[in-house]
Amino acid sequence: MPDEVSAHARRYGAELTRFLAETGQTQASLVKAVYSSQAAVSRYLAGRRVAPQTFLDAFAGFVRDCGVTLSKEQFAHLTELRKQAQRASNGAATRVLYWQELTDQLKAEVDRLSGELGQARDELAAREPVAQSLTAVRQEAAGLAARLTTVEAELSEARTRAEAAEADRDRLADQAAGQQDQLERAAAYSWGAGARPGRRAGTRQGSAG
């Protein structure tokens, strides 16, 4: 897979590397703690891959277990860097993860506001002043619903791009396999053509004897 290097990915990797340095531990220790591979962790820290949220959660636990302070604000900052890096990534699959997460967050927010809307309706039956609050919540819910529709469309487009990228990869792999097969047949033919004169010469010598 090609690297997903971007300024955001490098900044995210640099922050992870800084916290790892504060622990005094090695990459090998981190690899064991987060149940990942050495190659993946190395790319995450170098900013050549965008470490997903599952890795970030495990990384935060590792850092804290080593006695290094990682506040809620610092963790939120790392999470924001991850989102920025995923959105700026040139990897289609990574961008799909970003849009999927954003869609899930917006759906949760719509559900929360829908709950508040129902609660406000109940209160409206007893108190008229709540009507103003109900209107504000309804407007906010409508705005988020519109935003959700937009994000779902962007997610669909990102998935389509990811599928197209995978199809291109498979096509190139088939072409490479076909070229390799042609090279092997050509090599076999060349070897056979070079060996025939020697066999004919041996036959003549045997006849002369």
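- Between Ala60 and Leu70, the shortest heavy-atom contact is CB-CD2, 3.5 Å.
- Closest non-hydrogen pair, Ala33 versus Phe62, comes out as CB-CD1, 3.3 Å.
- If you take CZ on Arg138 and CD on Glu140, they are separated by 13.0 Å, rounding to the nearest 0.5 Å.
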- Message: Please determine whether side-chain contact (heavy atoms from CB on, under 4.5 Å) holds for the pair Lys107 and Glu152, giving the CA-CA distance in whole Å, both sets of side-chain angles, and the decisive distance to 0.1 Å.
- Response: CA-CA 10 Å; Lys107 284 180 177 178; Glu152 285 179 336; 3.4 Å; yes
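- Every side chain to side chain donor-acceptor pair (under 3.5 Å) that Glu22 has, sequence neighbours left out, goes to Arg18.
- The two atoms that bring Cys66 and Gln25 nearest to each other are SG-CG, 3.7 Å, heavy atoms only.
- Note that the OG1 atom of Thr79 and the CG atom of Asp57 stand 7.5 Å from one another [nearest 0.5 Å].
- Under the 3.5 Å distance criterion, the side-chain polar atoms of Thr23 are left unmatched by any main-chain donor or acceptor of Val63.
- Here the straight-line distance linking atom CG of Leu117 with atom OG1 of Thr135 works out to 9.5 Å at 0.5 Å rounding.
- Between Phe59 and Phe55, the ring-plane angle classifies as parallel under the 30° and 60° cut-offs.
- With sequence neighbours excluded, no residue forms a salt bridge (charged side-chain N to carboxylate O under 4.0 Å, His left out) with Glu80.
- The CD atom of Gln38 sits 11.0 Å away from the CZ atom of Arg43 when rounded to the nearest 0.5 Å.
- Within the 3.5 Å criterion, the main-chain N or O of Ala51 finds a donor-acceptor partner in the side chain of Tyr12.
- Applying the side chain to side chain donor-acceptor pair (under 3.5 Å) criterion to Arg64, with sequence neighbours excluded, gives no partner residue.
- Using a 4.0 Å cut-off between a side-chain N of Lys or Arg and a carboxylate O of Asp or Glu, Arg11 and Glu15 do not qualify as a salt bridge.
- The minimum heavy-atom distance between Val34 and Ala58, with the atom names listed, is CG1-CB, 3.7 Å.
- Between the side chain of Ser89 and the backbone N or O of Ala85, no donor-acceptor pair lies under 3.5 Å.
- For the atom pair CG (Leu81) and CG (Leu56), the distance works out to 9.5 Å, reported to the nearest 0.5 Å.
- Distance check: Tyr44 OH to Leu30 CG gives 11.0 Å after rounding to the nearest 0.5 Å.
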